Amino acid sequence: MTLFDRALVRLLPTVPKPVVQLFSARYIAGSTLDDAVRVVNQLNADGKMATIDVLGEEITHDDEARAIAQAYRDALDEIEHEHLDANVSVKLTGLGLGLSYDRCRANLEDVVRQAADDHSFVRIDMEDSSTTDDTLRLYRELREAGHENVGVVLQAHLRRTYDDVRALADLRPNVRICKGIYVEPSSIAFTDADAIRANFVRCLHALFDTGAYVGIATHDEWLIDRALRTIADRRLDRDAYELQMLLGVREQRATELVAEGHRLRVYVPFGEQWYAYSLRRLQENPAMAGTIARATVGRMLGRAA
Ligand SMILES: Cc1cc2nc3c(=O)[nH]c(=O)nc-3n(C[C@H](O)[C@H](O)[C@H](O)COP(=O)(O)OP(=O)(O)OC[C@H]3O[C@@H](n4cnc5c(N)ncnc54)[C@H](O)[C@@H]3O)c2cc1C
């Protein structure tokens with residue numbers, strides 16, 4: 001990214017919403033569950049698995065958290081009904097973590113039970129570092145309560161993550177490992193790209209050492225290459241791991257990985273609350289900032305004319 005692009009990334013929240021929507025359409029299935037089902041059907045036809053994310057962050061009432069939990073239960077029923085090769089990814093703040101730990105746990109448990117009934121699985125996304133302890137605690141509580149169909153996410157950019165892997169080892173956890181999207185201070189997070197990659201690889205090894213099932217979530221070719229070499233060196237069965245990518249990102253590479261025989265899951269978000277998710281994706285897109293800037297200026301000039 002050039003300096004200009006970096007400056008634009010910081011300005012993205014000031015870009016008009018319709019422009020953000022225009023450029024983020026590729027990252028989102030649509031606003032309804034039917035949209036998500038259509039996209040997942042296509043992914044499955046291409047040999048890719050999916051995980052469905054109901055978009056909804058920054059809720060302020062219990063009712064909203066319950067509505068999101070219900071939307072997940074509907075999604076799980078649809079996955080079962082349509083015989084989709086898919087599971088769901090939930091955000092604990094969407095299920096009410098910011099309002100009450102216990103109510104969030106109840107909402108999550110409802111979704112996990114529904115997933116068990118529908119022969120599916122629930123991945124708990126990891127959010128910013130203020131939620132890490134609660135997220136790992138909830139994951140442990142659910143596993144210790146006998147729920148096997150649930151997994152969690154660890155972020156390689158956090159300095160604590162290697163210790164978290166070791167602390168989870170007794171559960172033989174199901175973990176998605178990713179770099180981590182939320183901006184964190186250098187006191188608790190690696191900020192240098194190479195240090196994040198090194199920690200990703202270190203944690204990946206530690207996870208396989210514990211016997212964990214690992215979802216390797218990255219589009220970074222260097223990391224994909226390292227992960228594939230690790231898998232080959234350890235002679236891992238293809239059922240011991242999966243690769244994961246986001247909808248709309250490096251789709252051609254995902255297709256190649258499937259053709260090479262790897263299991264690959266695509267993260268499929270849908271819902272009305274597309275804005276926060278879209279900003280995060282656009283901020284990560286190395287080629288997009290300049291294009292958006294030109295489109296925004298073009299719009300402004302058009303409006304002025
Ligand atoms: C399936 C999945 C689930 C995730 N879940 C979480 C989570 O629960 N918590 C969390 O904090 N983070 C999550 N993330 C995000 C993750 O932490 C990273 O922020 C994100 O994947 C970018 O890091 P990267 O490893 O792909 O490397 P990058 O260096 O960011 O990307 C590598 C290359 O991929 C391409 N690319 C990446 N992003 C884009 C884009 N938006 N548009 C176009 N091209 C792009 C570019 O070619 C780029 O050079 C998830 C990511 C994935 C793939």
Side-chain angles (χ1 to χ4, degrees), residues 1-2 5-6 9 12 20 23-28 40 43 48-53 55 57 86-94 97 121-132 135-136 139 150-158 160-161 164 174-184 188-201 203-204 214-227 241-254 257 263-269 276-292:
M1 252 191 225
T2 64
D5 282 348
R6 264 197 284 272
V9 159
L12 263 176
V20 172
F23 284 97
S24 59
R26 63 190 266 208
Y27 301 122
I28 292 168
V40 172
L43 289 166
K48 298 168 185 164
M49 306 177 290
T51 185
I52 295 179
D53 169 34
L55 291 170
E57 295 171 67
N87 58 36
V88 296
S89 287
V90 302
K91 285 195 173 47
L92 293 185
T93 55
L97 184 63
F121 174 88
V122 178
R123 171 79 57 196
I124 310 170
D125 283 350
M126 188 60 84
E127 300 177 71
D128 69 64
S129 60
S130 69
T131 67
T132 311
T135 303
L136 294 177
Y139 175 62
V150 60
V152 74
V153 177
L154 293 174
Q155 298 158 324
H157 75 159
L158 291 187
R160 60 179 284 170
T161 292
D164 287 335
N174 185 319
V175 174
R176 173 196 299 152
I177 178 93
C178 63
K179 286 182 181 172
I181 177 74
Y182 301 90
V183 179
E184 306 286 358
I188 61 163
F190 301 106
T191 50
D192 171 72
D194 287 338
I196 297 170
R197 280 174 165 172
N199 201 41
F200 193 117
V201 173
C203 293
L204 182 62
V214 189
I216 306 164
T218 182
H219 318 96
D220 181 335
E221 197 53 41
W222 188 89
L223 275 180
I224 293 171
D225 180 61
R226 276 308 190 92
Y241 69 93
E242 63 189 48
L243 302 165
Q244 298 189 350
M245 292 193 182
L246 301 170
L247 185 67
V249 182
R250 300 210 68 196
E251 290 172 337
Q252 183 53 38
R253 185 64 180 120
L257 288 163
R263 295 165 76 239
L264 183 135
R265 190 177 303 278
V266 177
Y267 191 95
V268 177
Y277 182 86
S278 299
L279 273 192
R280 290 202 294 274
R281 292 290 75 81
L282 292 174
Q283 283 165 338
E284 275 184 333
N285 182 335
M288 200 51 91
T291 316
I292 290 175

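Order of appearance sets the numbers: ligands from 1, and atoms from 1 within every ligand. All figures in this text were calculated on a predicted structure; none of them were measured in a lab.
- Judged by distance alone, the side chains of Arg160 and Ser129 never bring a donor and an acceptor atom under 3.5 Å apart.
- Interface of Tyr182 with ligand 1, defined as ligand atoms under 4.0 Å from a residue heavy atom, comprises 11 (O).
- Among Arg280, Arg176, Glu284, Lys179, the residue whose heavy atom lies closest to atom 19 (O) of ligand 1 is Glu284.
- Closest heavy-atom approach to atom 12 (N) of ligand 1 among the candidates Val268, Ile181, Asn285, Asp125: Ile181.
- The shortest side-chain heavy-atom distance between Leu223 and Val201 falls under the 4.5 Å cut-off.
- Proximity of Val249 to ligand 1, defined as any heavy-atom pair under 4.0 Å, is confined to the side chain (atoms from C-beta onward).
- When side chains are defined from C-beta on, Tyr182 counts as touching Arg280, because their heavy atoms get closer than 4.5 Å.
- Side-chain atoms of Asp220 and Thr218 form no donor-acceptor pair, as typed in the model, at a separation below 3.5 Å.
- Residues Asp53 and Tyr277 have side chains that never bring a donor and an acceptor to within less than 3.5 angstrom of each other.
- Contact annotation: for Gln155 versus ligand 1, heavy atoms closer than 4.0 Å belong to the side chain alone.
- Applying the 4.0 Å criterion to heavy atoms of Tyr27 picks out, from ligand 1, the atoms 40 (C), 41 (N), 42 (N), 43 (C).
- Between the Thr161 side chain and the Ala156 main chain, no donor and acceptor come within less than 3.5 Å of each other.
- Close N/O approach between Gln244 and ligand 1 is not found [any backbone or side-chain N/O within under 3.5 Å].
- Around atom 51 (C) of ligand 1, the closest heavy atom drawn from Leu246, Val90, Leu154 belongs to Leu246.
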task = Could you walk me through whether Arg250 and Glu221 pass the side chain to side chain contact (heavy atoms under 4.5 Å, CB included) test, one step at a time?
result = CA-CA 10 Å; Arg250 300 210 68 196; Glu221 197 53 41; 2.8 Å; yes
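- Ligand 1 has an N or O atom lying under 3.5 Å from an N or O atom of Thr218, backbone or side chain.
- Between His219, Arg197, Met126, it is His219 that holds the heavy atom closest to atom 33 (C) of ligand 1.
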